*Asks:* 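Handing you a structure now.
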Amino acid sequence: MNIFDTFTGALKAIVCGLENDGRLPKDMDLKNVTIEPPREATHGDIATNIAMVLTRQARMKPRDIADMVAAGLRDVDGVERVDVAGPGFINIILKRQLIQSQVAAILNAGGNYGRSKIGGHEKVNVEYVSVNPTGPLHVGHCRGAIFGDALASLLDYTGYDVTREYYINDAGGQIDTLARSAYLRYREALGADIGKIPEGLYPGDYLIPVGKALAEKFGRRWLEADESEWLHDIRQFSTDAMMDLIRSDLDTLSIRHDVFFSELTLHKSGKIQAALDKLEDKGLIYTGVLEAPKGTRPDDWEERPQTLFKSTDFGDDVDRAVKKSDGSWTYFAADVAYHNDKVERGFTSLIDVWGADHGGYVKRVEAVVKALTDNRVNFDARLCQMVRLLRDGTPVKMSKRSGAFITMRDIVNEVGRDVVRFIMLTRKNDASLDFDFARVTEQSKDNPVFYVQYAHARVHSVLRKADIAFPGINLSVASLADADMTIFSDSSELSLIRNMMNWPRFVEAAALAREPHRISYYLYELASEFHAMWNKGNDNLDLRFIIEDDRAKTLSRLALISAVAGIIMAGLDILGVEPVTEM
RNA sequence: GCGCCCGUAGCUCAGCUGGAUAGAGCAACGGACUUCUAAUCCGUAGGCCACAGGUUCGAAUCCUGUCGGGCGCACCA
C-alpha cells in the first residue's frame, strides 16, 4: 500500500540475504535506518541512510555497504535506477509508471488512504478540557479543547483505541463558591435586592438563568434558610447546569467526549483511599515535613508534618502532600485516584492536555503513574501555550474580575467553527499563538484555513464544470481510478503525486509525535502544489484539468485532482474542519 | 534559588525525532487576469539556526554550560 513500507520490507530482506551470505555480520540493528524522500528532489524519489547506519556495526566503509545494498535494490519491482551518493546515501529513482499508478491506489483507498495501524489498538485515554464547572468556556480553554480533540482523532486514524475524556472538578471549594453565587441569583430571581456581587463570588450573568431555574424548582423555601440547608442541593444543581452549559459550548466546536468523569465520585466511593493504599503498600506514603519553597516564600508559611507521597523516587523535585491540614484529601490525592482509575480501566497510555500554567504539575502525575503501574503505563502531559487575541494587531484586554472576558462561544460566533479549529492547530502546542480576528477571516493565502478550503472547493468546481463539458461523464471512484494515468509527465503533476505519496508518512509521524499541527502544514503544502498546477494551466492549455476535445485526458486529470481533494478531506476530518465544495 | 517550555530571514513560524546546498507565509521588489473562480500563481532578494563547548561519518535537531524570554514553585483547583 504505502510505498515507503514496501521499501522498508525490501531493505530488510536484502540485509537478511547479505547476512546469510556472510557479506554482512549477523543481526544488524536497523532501528536508525530511515527511508524517506530526500529533501532535494533531484536526488531521487526515495533515499536511505542504511549504509551510514551500518558502518560502525559492520565495521565496513559506508560506500561498500551502499554498493551491496544498492545492487539488491535494483531488483525490486518498480525501481528505475539506484545511485550511491555523498557519504553513502542510497538514492532510489522509481519508474514513472509506479508513481503514476499511485493515483489509482489513492482513489481506491478512498478515505482510508493514510490510515495507519501503528497504534495496534492500544487503549489510549486522552483527557482534555476538564475545566472547572463554574462558568462558560473562555478563549483560554479553546486551544486545549481543540488540540485534544484533534489529537484524539489523529490517534484514532492511526489505529489506537481512543477514549475522549473530561474530568469534572466538582469536589473542590470553588463549587461551594459556585453554589453561593447561584444562591444569590436565586434570591434575585425571587425579587430580593442582592446589590453588588460580593468579592470572591462569580459575578457572571450566566448564573442568572440558573437562579431562575432554582426559583422555579424550589420556590421560596430557601429564601431565608441557613446555608447548611441548601448548599448541598444547590451545589449539585448548579454543577449540573454548568456542565450543561460547557457541553453546549463544546458542541459549538463539535467536541464531544466519550466519558465525563466526576471527581466527586472518587471521594464518595472510597477510591481515593484505595489508590493511596496501593501506594502505601509500596512503601511510598509517609509523614514528613517539607522545606519552604525558595524564591517567593508564602507569608503564612509554617513548618508542619504532612502525609506525603514519595514522588522524588520517580523523578519529581519534592515529595507531594496528599492530605490537607484539616485531614481532607488534596486535589492531588483525587488525581492519584483518577489516574489509578484510568489504569484500572485498562488504558496503557494516558494523555492529559493542560494549559502551560499547569506545567509544574506534570512531574508529580508522571511519578504517580509510574509508581502505580511499575512504569508499565505511559503518561504524557501535553501543554498548550497561551493564545493571544488580537484585534487589528493590538492585543484584546481581558479582565476576569469584571467578568469581561471573551468566551469561546463569542469567538465561534464571530469567525466560525472551522476557522477557530484550524487556526488553533496551525502552531505547535508548546509555542504561543496569536489569534488575530482580522487575519483569520481574511480571504487570502495569508489565511491557511481559507487557502486549504479554497483548494478543495476548486477541485469540486472543476468537477461541476466537467459534468457540463462532458455530459454524463462518469466521475465515480471506480471510473476515475480506471483512467489512464500514464499521461502524467509534467513536473507539477509528478510533484503533486509525490507529495500525496508522503501523506501516510506525515500522518504516522504526526501521531507518533502527538502533534496534530503537522497535518495542517501538510495540507497547506498540498494545497499550494495544487494551486500552482492550476495556474500552470493558465499559460499552458494542455495542462488544464478539462481539455475540451479530449475526454480521456480530462478523466485522467480529474482523477488526479480528486485524489488531492480526497486527502484534503481526510486531513480536515482529522482536524475537525468541514471541507467545503463551494465558496 | 529550583523545575518545565521557548530562542531559526526585518515580522509570524515550519523543519518529517541525527542526514546531502536550512524552508514557507507576510512585508519589499519584478512579472502573469478575453480564466477550469487572479480569492491564485511565477520570479528576485533576505540566515553565524541566541552564544560557547561536547558526542560522530554528519548537529538547527542529542548532551553540558552561558545569555535572553514565557510559565510554575507547601494545605488552592
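Worth knowing before you read on, the calculation uses all heavy atoms, side chains too, and leaves out hydrogens, waters and symmetry mates. Everything numeric in this text was worked out from a predicted model, so none of it was measured. Chain letters run A, B, ... following the sequence lines, proteins first and then strands; every chain starts at 1.
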*Asks:* May I ask you to verify whether the side chain of A/R304 and the base of B/rA74 hold a donor-acceptor pair under 3.5 Å?
*Replies:* yes

*Asks:* For B/rG47, which nucleotide in any strand shown is its Watson-Crick or wobble partner with both distances under 3.5 Å?
*Replies:* none

*Asks:* Does atom CZ (A/R81) have a neighbourhood of more than 12 heavy atoms from anything else shown, all under 6.0 Å?
*Replies:*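 Not buried by this count: 12 neighbours or fewer within 6.0 Å.
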
*Asks:* Does a salt bridge link A/K370 with A/D313, judged by any charged N lying under 4.0 Å from a carboxylate O?
*Replies:* no

*Asks:* Test A/E493 against every option in A/M533, A/K536, A/E529, A/R498 by the side chain to side chain contact (heavy atoms under 4.5 Å, CB included) rule and name the one that passes.
*Replies:*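 Of all the options given, the one that passes is A/M533.
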
*Asks:* Ignoring hydrogens and angles, answer whether the base of B/rU40 and the side-chain atoms of A/N535 contain a donor-acceptor pair closer than 3.5 Å.
*Replies:* yes

*Asks:* With a 4.0 Å cut-off on heavy atoms, is A/Q174 in touch with a base, just the backbone sugar-phosphate, or nothing at all?
*Replies:*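 Here A/Q174 touches the backbone only, sparing every base.
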
*Asks:* Report which part of the nucleic acid A/M583 touches: base, sugar-phosphate, or nothing (heavy-atom distance under 4.0 Å, all strands).
*Replies:* base

*Asks:* Counting only Watson-Crick or G-U wobble pairs whose two distances fall under 3.5 Å, which nucleotide matches B/rG23?
*Replies:* B/rC13

*Asks:* Against the six-membered ring of A/F332, is A/R320 placed for a cation-pi contact (under 6.0 Å from the centre, within 45° of the normal)?
*Replies:*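 Judged by the rule (NZ or CZ under 6.0 Å from the ring centre, within 45° of its axis), A/R320 is not positioned above A/F332.
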
*Asks:* Parallel, tilted or perpendicular for A/F450 and A/Y454, by the 30°/60° rule?
*Replies:* parallel

*Asks:* Taking a pair as Watson-Crick or G-U wobble with both distances under 3.5 Å, which nucleotide is matched to B/rG53?
*Replies:* B/rC63

*Asks:* Can you work out whether A/K324 or A/D317 has the more 5'-proximal nearest nucleotide on RNA chain B?
*Replies:* A/D317

*Asks:* Measuring only the C1' atom in each nucleotide, how far is B/rC11 from B/rG46? A whole number of Å is fine.
*Replies:*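 Pairwise C1' distance, B/rC11 against B/rG46, rounds to 12 Å.
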
*Asks:* What's A/K536 touching, base or sugar-phosphate or nothing? Going by heavy atoms closer than 4.0 Å.
*Replies:* nothing

*Asks:* For A/T134 and A/Q174, test the side chains for any donor-to-acceptor distance below 3.5 angstrom and give the result as yes or no.
*Replies:*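 No, because no side-chain N or O of A/T134 sits under 3.5 Å from a partner of the opposite role on A/Q174.
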
*Asks:* When you compare the protein's N or O atoms with those of nucleotides 17-20 of chain B, which come within less than 3.5 Å of each other, and at what distance?
*Replies:*
| residue | atom | partner | partner atom | Å |
| --- | --- | --- | --- | --- |
| B/rG19 | N7 | A/N49 | ND2 | 3.1 |
| B/rA20 | OP1 | A/R39 | NH2 | 2.6 |
| B/rA20 | OP2 | A/R39 | NE | 2.7 |
| B/rA20 | OP2 | A/R39 | NH2 | 2.3 |
| B/rA20 | N6 | A/N91 | OD1 | 2.6 |
| B/rA20 | N1 | A/N91 | OD1 | 3.4 |
| B/rA20 | N1 | A/N91 | ND2 | 3.1 |

*Asks:* Regarding A/L290, tell me which of base, sugar-phosphate or nothing describes its non-hydrogen contacts under 4.0 Å with the strands shown.
*Replies:*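 Sugar-phosphate: the residue A/L290, judged by heavy atoms under 4.0 Å, touches backbone atoms but no base.
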
*Asks:* What protein N or O atoms touch nucleotides 26-29 of chain B N or O atoms at under 3.5 angstrom, if any, and at what distances?
*Replies:*
none

*Asks:* Name the nucleic acid region contacted by A/G173, choosing base, sugar-phosphate or nothing; use a 4.0 angstrom heavy-atom cut-off, strictly under.
*Replies:*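 Contact class for A/G173: sugar-phosphate only.
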
*Asks:* So how far is it from A/L151 CG to A/R382 CZ, rounded to the nearest 0.5 Å?
*Replies:*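 Nearest 0.5 Å value for the CG-CZ distance: 7.5 Å.
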
*Asks:* Ring centroid separation for A/Y451 and A/Y524, is it under 6.0 angstrom?
*Replies:*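 Ring centroids of A/Y451 and A/Y524 are less than 6.0 Å from each other.
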
*Asks:* Does A/S432 reach a base, just sugar-phosphate, or nothing at all? Heavy atoms under 4.0 Å.
*Replies:*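 The answer is sugar-phosphate, as A/S432 gets under 4.0 Å only of primed atoms, P, OP1 or OP2.
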
*Asks:* So A/T330, base contact, sugar-phosphate only, or nothing? Heavy-atom distance under 4.0 Å.
*Replies:*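 The answer is sugar-phosphate, as A/T330 gets under 4.0 Å only of primed atoms, P, OP1 or OP2.
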
*Asks:* Give one of base, sugar-phosphate or nothing for A/H517, where a contact means two heavy atoms less than 4.0 Å apart.
*Replies:*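 Sugar-phosphate, no base atom in range.
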
*Asks:* Checking side-chain polar atoms at under 3.5 Å, does A/H339 have a donor or acceptor matched by the opposite partner on A/D352?
*Replies:* yes

